[in-house]
Amino acid sequence: MTQRGPAEFTPPPECPVFEPSWEEFADPFAFIDKIRPIAEKTGICKVRPPPDWQPPFACDVDRLHFTPRIQRLNELEAQTRVKLNFLDQIAKFWELQGCTLKIPHVERKILDLYQLNRLVAEEGGFDLVCRERRWTKIAMTMGFAPGKAVGSHLRAHYERVLYPYHLFHSGTNLLCLQKALVDDVNDRDKEYKPHDLLQRQNIHVQPCDMSAPARRAKRMKTEVNVNTRTHTPLKCLYMNKCICMCVLEREVPIQVKQEPVEIKEINPEPEKSTLRYKKNIPPPPVDLYVCLMCGTGNDEDRLLLCDGCDDSYHTFCLIPPLGDVPKGDWRCPKCLAQECTKPQEAFGFEQACRDYSLKSFGEMADSFKSDYFNMPVHMVPTELVEKEFWRLVGTIEEDVTVEYGADIASKEFGSGFPINGGKFKVAPHDEKYLQCGWNLNNMAMMTPSVLTHVTADICGMTLPWLYVGMCFSSFCWHIEDHWSYSINYLHWGEPKTWYGAPGFAAEQLEAVMKKLAPELFESQPDLLHQLVTIMNPNTLMAHGVPIYRTNQCAGEFVITFPRSYHSGFNQGFNFAEAVNFCTVDWMPLGRQCVEHYRLLNRYCVFSHDEMVCNMAMKADRLDVVLASAVQKDMRLMIKGERELRDKVCKMGVVQCELFKYDLLADDERQCVKCRTTCYLSALTCPCRPGVQVCPHHAHDLCSCPVSNYTLNYRFTLDDLYPMMNAVRQRAESYDEWAARVTEVMEAKLDKKRNVTVFRALLEESDEKSFPENDLLRQLRLVTQDAEKCSSVAQQLLNGKRQTRYRTGGGNSPNQLTVEEMRSFVRQLYNLPCSLTQAPLLKELLNSIEDFQQHSEKLLSDEVSADSVSEIESLLEEDSQFDVFLPELPLLRERLEQTRWLAGVQQAEDPVSNPCGLSLDCMCRLIDRGVGLTPHPSTERTMARLQELLTISEEMEEKAQALLKARWGHSMLTQVDGVPAYLPNCLLLQDTVNRAKEWLQEAEDLQVGGQTPVLSSLSDMVLRAHAIPVRLEPLDQLEVLVSEVQAWKESAAKTFLIKNSPFTLLEVLCPRWEVGSSLKKKKMRKMKGECMSSGKKKLVKLDSMSDVERALSDSKDSASAMFTLAEVRLKEQESLCSLRAANESKLLPTADCAALKVCVCQKPPMGAMLQCELCRDAFHSVCVRGPSDPLDPEAWLCPLCLRSTKPSLAKIQTLLSSLQRIRVRLPVGDALRYMIERTGSWQRRARGVIDSYDHSLASQDCRGASTTQSHRTTGHKRKCIYVYVYWVQCDCCNRWFHMICVGVSAELAAEEDYMCVTCSTTNAGRRK
């Protein structure tokens, strides 16, 4: 680590920039007054004129010749100049001893001797630092890394270069010091004793030799040998107040301002090699020359003769000792003290030797900048120039010199603005700029400027000054004369960079600069008034001084305000113009400035008292505001003058004389003590003609008796009072108004007036045409603020807005925050006027604060679903506040959280949602929860829902897979315990339940002992197909149903005629529909009888579907047979009625045409056929007759011929196959009933045949089986079949072959049997 270099420059904040409109730009003073409350806070501001405002450049370029100032940049900066002054003193100290100074290097950096000297002094001096070993601390303070023995190097360099200088300045007698060092040789701290100095130091004195000329690009070069243990010769090259820190010399020597010392080469002379003698004086006797240190004349070859006083010293007696006779002049310690204690001359700029024209200066400036930055001038960034400028002013290693054409009188060469009567010919379209207020030739002397009352032309103040700048040329920290305003206009060229401090920070800036560079102010107390000292803005800002900056471009104004320090530099070649002006508000500051100048003994540019008296003598023409300001200023002036004159009178001055000081030039009437321009009075004495003092310094005039003094006065006090009264009368109405304004503006608490009073005062100012001034602006501003505050307060009270809660969120850009609301309430109470809305708004603010406290408490509690209503009520309460509340977003987030938790709680509530959470509900809740602000409560619930959703989805997928796979019913128990309402799981559960019910029903069919009905089996098969479960009995049922279907198809083929419109059941069942009209009447009659008798209601058998339903619903075959018997009775009745009706149609009748027979329902005609069953007649052409007319078989009509009439054996075989299937079906019951009817008819037919002795005799039935009989075995009964199984009717106890009546052995064993005869008889009785 090496010494820290200067930090990179950080630009200060920008000052305000104003862009007036044409209306505002028309009156410059009104505009400046308008922006003053803002701009004076920064000290400087920039004004950009309207774009079309472009005045012509009117300066006479050919005549403009000037001699610029020379500025060496590192001499401008205060702290750098202090370092240079210190190095000058060190260099002079060694130079006067015939030695040159060579600045040592430490860690490859040039050692900062000034900082080292200051730190050692702060630590208590060289001896104390050595005793307490603080060199390492000093090294670290200087920025060196510890642990590299840098402290010992610093000690050696200090002891070699600086310690002799401090010994010299301490006033220690060198001889006594030498003796003391000798006496203390055995002391404990002997290494620090002077007599050991020769061994401890590394200073080597040698003749001054000249090095080769070098370029002035760097003031210092790197020292090659930094070994402090070797004796390095010290060389001092003094050039331009800077010490060259390497073996480097200028080609042209430059004298030092404080003590001109010409650096020249001294050729060594043979006679001076052993002893130096005074020139042109013959050498005295040798015994006259003795060493003043040791008092002996020994070692004459080592005696040195002082070139100042001829005293002689041994080279080895000097401190530090000299190893050889120095070349050039040598001074003894006494003469050295005289030279080094001479006071320094005041620092100032030198004038260049060359006279420039504007063109030649521009060429030089552009060449310098392009060469320095090695790029075209227009391409160099302003930021780079700014940082490089502050780097250069802060370094002592580089010496950059620039030139600045400053303070060029416009009166001599012409202003940059056109003026009336000037040599510049103004074009017609540019004549408007001649009288423009922003023309700097006009501004200072316009009516609003009080400088119009200064009689003399002041160049640079009332007359503009011109400035021609180049890159790095600068103007140092200063305030304007008399603390006035200034305005600067950049006509053309590269920008000018400005830095400014507000007027209230002027004393702070002065204090900081005096603190950081006290040496400069000791010799020049008014240093800041000389415009020769600058200080880095970052340094000032680090000490709390507010600094602002701006870049002034061509065509822009920069305005500085009273007592505002400002400085800056030019970015390149440019041309600017500046002038001062003073407005009414400056008047108090102007008088304060004169008092400040008196303390600094600084001359005034003009007499402030004279200007005030000039204005008072023209009181009737003064502006009322200016008259008021003049009256106040005169009151102070007269009061002070009266006190001073009383003081002079008390001193004993008795002579008075009227003297018109305004007839003298300012430099002829200055106070000899404070240089104040005298006007009202002054003291003179005959002993000093042309010399006067102001009454403040009456004792500093001369030593004569006071009675000799004469008090010269311009006005008597009696003259001044009428002048002040005239001004007061002029300003009386304004003062009265101003007093009332001041009263209401300064009223406190309950004495505040209503805003209407302020409006009335404004109206009064308009009526009396008071000019614009600070008080009026303040009154207008307060009134406007009060009205705005009143409007805003009323809006806040009325709540005139669409609330965020109702409009979906988002705060209005015009809404106030709570802190702004508090500030606004404070502003209401801080207003000079009272507003009725203030207490109401305070109450509203209290409500808002209560709302915030309630909200904070609620937000700090745990999230709960029970707090929904509380949060909603809070949000509803917020709708009354037109204030941005930061708790609102948090409350809305909390409301969403609580609503979501309430939704989850409601979804999980078994009362409100008995089905439980569904997948969709869980997904919706999770989706809503994802958008919520994270909170532990919601995150826990989200985690639980997510886990439940994952489990549910897995169960759903598993259930769906099971449903698709039609798993065995042994896996059904795996779906128990599903923790949610899941569609697939519910479907699976329902499937499980249906499968269980179906299996139970199938099991009941197997173990119940009853023959199942086909409809039940078909329904079970259909239901089994709808159940997504593999059911083991289903295969058997499907086989059974398929066998039944096959049997039905076989029966249909057996019975049904091709293309028959009848179903198999219609063919096999009795024909109940025969004679339907008659049947309906009888059925209605039977229903009425049944209902009147209160007997059991019969089954409705009005259609084939009723019959089929009755057969399917019958529990056993007996019930089915009973149902079919009822249908048989209906058939008999209907058929009998039909036969009778048809036969009656064939009886002879008178009108045969009315008869309707046959299927065509036409009268009988031609050959007719008669059906044996229904006895109806049919046309032979309408129906098909018998193929053989002689065939004895009976002919049936198409309506009666329903089947193919298969043989009984075939039918019995068909019935036997159905009995093997063991399934009951309506068709099977009808077939069985038909077989029983056939058997019964055969028996009856057999009986009829037997009764009429037909040839067929009855035979006893033989071949009865003796092994398998129902109720008896081994018996033979009469039947047409032989050796068959028998069954006995449970009613008539008659025996029948099982095959003849269609009963199986299992059915005969399980159910009661009733023959057809008994069934018909019982049915008839019941009917």
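All values derive from a computational prediction rather than experimental measurement. Along the sequence shown, residues are numbered consecutively beginning with 1.
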Could you tell me the separation between the CG atom of L779 and the CD atom of Q784, rounded to the nearest 0.5 Å?
9.5 Å
Indicate whether any N or O donor in one side chain lies under 3.5 Å from an N or O acceptor in the other, for S486 and N580.
no
Dump the intermediate steps for side chain to side chain contact (heavy atoms under 4.5 Å, CB included) on L76 and C476, then the final yes or no.
CA-CA 8 Å; L76 299 178; C476 301; 4.2 Å; yes
salt_bridge(R826, E819) N-O dist < 4.0 Å
yes
Are the side chain of N570 and the backbone N or O of F472 linked by a donor-acceptor pair below 3.5 Å?
no
Would you indicate whether E23, at its atom CD, is surrounded by more than 12 heavy atoms from other residues, nucleotides or ligands within a distance under 6.0 Å?
no
Say whether, by atom type as modelled, one donor and one acceptor occur between the side chain of Q552 and the main chain of N488 under 3.5 angstrom.
yes
Using 4.0 Å as the upper bound for N to carboxylate O, is an ion pair formed by R780 and D785?
no
So, S564 versus E40: side-chain donor-acceptor pair below 3.5 Å or not?
no
Can you tell me how far apart CG (L775) and CG (D585) are? Round to the nearest 0.5 Å.
12.5 Å
May I ask you to decide if the ring planes of H596 and W483 are parallel, tilted or perpendicular, using 30° and 60° as cut-offs?
tilted
Is the shortest heavy-atom distance from the side chain of T583 to the side chain of Y485 under 4.5 Å?
yes
Shortest non-hydrogen separation from P49 to G555 and the atoms involved
CD-O, 3.2 Å
Which atom of R591 lies closest to which atom of D633, heavy atoms considered:
NH2-OD1, 2.7 Å
Any side-chain heavy atom of R354 sitting closer than 4.5 Å to one from S360?
yes
Taking D60 for the side chain and G414 for the main chain, is one N or O donor matched with an acceptor at less than 3.5 Å?
no
Under a 3.5 Å distance rule, please check whether T395 uses its side chain to pair with a backbone N or O of L392 as donor and acceptor.
no
On the 0 to 90° scale, with breaks at 30° and 60°, tag the F575-W492 ring pair as parallel, tilted or perpendicular.
parallel
Determine whether E398 and R391 satisfy the following criterion, side chain to side chain contact (heavy atoms under 4.5 Å, CB included), listing intermediate values before the conclusion.
CA-CA 10 Å; E398 296 183 50; R391 187 191 69 82; 2.8 Å; yes
Is there a donor-acceptor pair under 3.5 Å between the side chain of D430 and the backbone N or O of V426?
no
Determine whether a donor-acceptor pair (N or O, by modelled atom type, separation under 3.5 Å) exists between the side chain of E577 and the backbone of G416.
yes
Flag the pair S370 / M375 as yes when at least one side-chain heavy-atom distance between them is below 4.5 Å, and no otherwise.
no
Output, in order, the C-alpha distance, side-chain angles, deciding distance and verdict of side chain to side chain donor-acceptor pair (under 3.5 Å) for D407 and Y467.
CA-CA 6 Å; D407 300 341; Y467 298 87; 3.0 Å; yes
Trace of the salt bridge (charged side-chain N to carboxylate O under 4.0 Å, His left out) decision for E507 with R563
CA-CA 9 Å; E507 294 181 359; R563 210 183 181 186; 3.5 Å; yes
I419 CD1 to L434 CG distance, which is reported to the nearest 0.5 Å
9.0 Å
Would the number of heavy atoms belonging to other residues, nucleotides or ligands and lying under 6.0 Å from CD of E820 be above 12?
yes
Taking K46 for the side chain and N551 for the main chain, is one N or O donor matched with an acceptor at less than 3.5 Å?
yes
Please work out whether the ring planes of F557 and F25 are parallel, tilted or perpendicular, with thresholds of 30° and 60°.
tilted
Just by distance, do the side chain of S449 and the backbone of T452 share a donor-acceptor pair under 3.5 Å?
no
Begin from the C-alpha positions of F475 and Y404 and carry the test ring pair (Phe, Tyr, Trp, His ring centres under 6.0 Å) through to its verdict.
CA-CA 9 Å; F475 49 101; Y404 188 23; 7.1 Å; no
Salt bridge present between E386 and R549 (N-O < 4.0 angstrom)
yes
Any chance the rings of F417 and F57 have centres within less than 6.0 Å?
no
Report yes if the side chains of T560 and E480 come closer than 4.5 Å at any heavy-atom pair, otherwise no.
yes
Walk me through it: do Q571 and T497 pass the test side chain to side chain donor-acceptor pair (under 3.5 Å)?
CA-CA 7 Å; Q571 295 274 343; T497 300; 2.8 Å; yes
Can you tell me how the ring of W477 sits relative to the ring of Y499, calling it parallel under 30°, perpendicular over 60° and tilted otherwise?
tilted
Partner of L516 by side-chain contact (heavy atoms from CB on, under 4.5 Å), out of N536, L540, T539:
T539
Inspect the surroundings of CG in D371 and state if more than 12 heavy atoms from other residues, nucleotides or ligands are less than 6.0 Å away.
yes
May I ask you to test the T550-C15 pair for a side-chain heavy-atom distance under 4.5 Å?
yes
4.5 Å side-chain heavy-atom contact, L762 and L776:
yes
Could you go through M611 and M587, starting from their C-alpha distance and side-chain angles, then the distance that decides it, and tell me whether this counts as side chain to side chain contact (heavy atoms under 4.5 Å, CB included)?
CA-CA 11 Å; M611 180 189 68; M587 291 286 292; 4.2 Å; yes
Evaluate whether atom CZ of F424 has more than 12 neighbouring non-hydrogen atoms of other residues, nucleotides or ligands under 6.0 angstrom away.
yes
Side-chain donor/acceptor of S791 to backbone N/O of K788, under 3.5 Å
no
Below 4.5 Å, heavy atoms only, C-beta onward: do C471 and V385 meet side chain to side chain?
yes
Starting at NZ of K496, measure out to OG of S474 and round the result to the nearest 0.5 Å.
10.0 Å
T742 side chain to A738 main-chain N or O, any donor-acceptor pair under 3.5 Å?
yes
I want to check something: taking the side chain as every heavy atom from C-beta on, are V782 and F758 in contact at a cut-off of under 4.5 Å?
yes
Apply side chain to side chain donor-acceptor pair (under 3.5 Å) to Y372 and E388, showing your working.
CA-CA 11 Å; Y372 189 93; E388 182 64 12; 2.4 Å; yes
Just checking, is any N or O donor in the side chain of H453 or N614 under 3.5 Å from an acceptor N or O on the other one?
no
Using the side-chain contact (heavy atoms from CB on, under 4.5 Å) definition, which of the options C45, P16, P13 pairs with Y548?
P13
Point-to-point distance, once rounded to the nearest 0.5 Å, from CZ of F561 to CD1 of I479
15.5 Å
Is the distance between the ring centroids of F361 and F66 under 6.0 Å?
yes
Ring-ring centroid check Y565 H478, cutoff 6.0 Å
no
Test side chain to side chain contact (heavy atoms under 4.5 Å, CB included) on E403 and M470 and set out the steps.
CA-CA 7 Å; E403 298 177 349; M470 65 175 290; 4.3 Å; yes
SG on C582 to CG on L589, rounded to 0.5 Å:
9.5 Å
Do W53 and Y433 have their ring centres less than 6.0 Å from each other?
yes
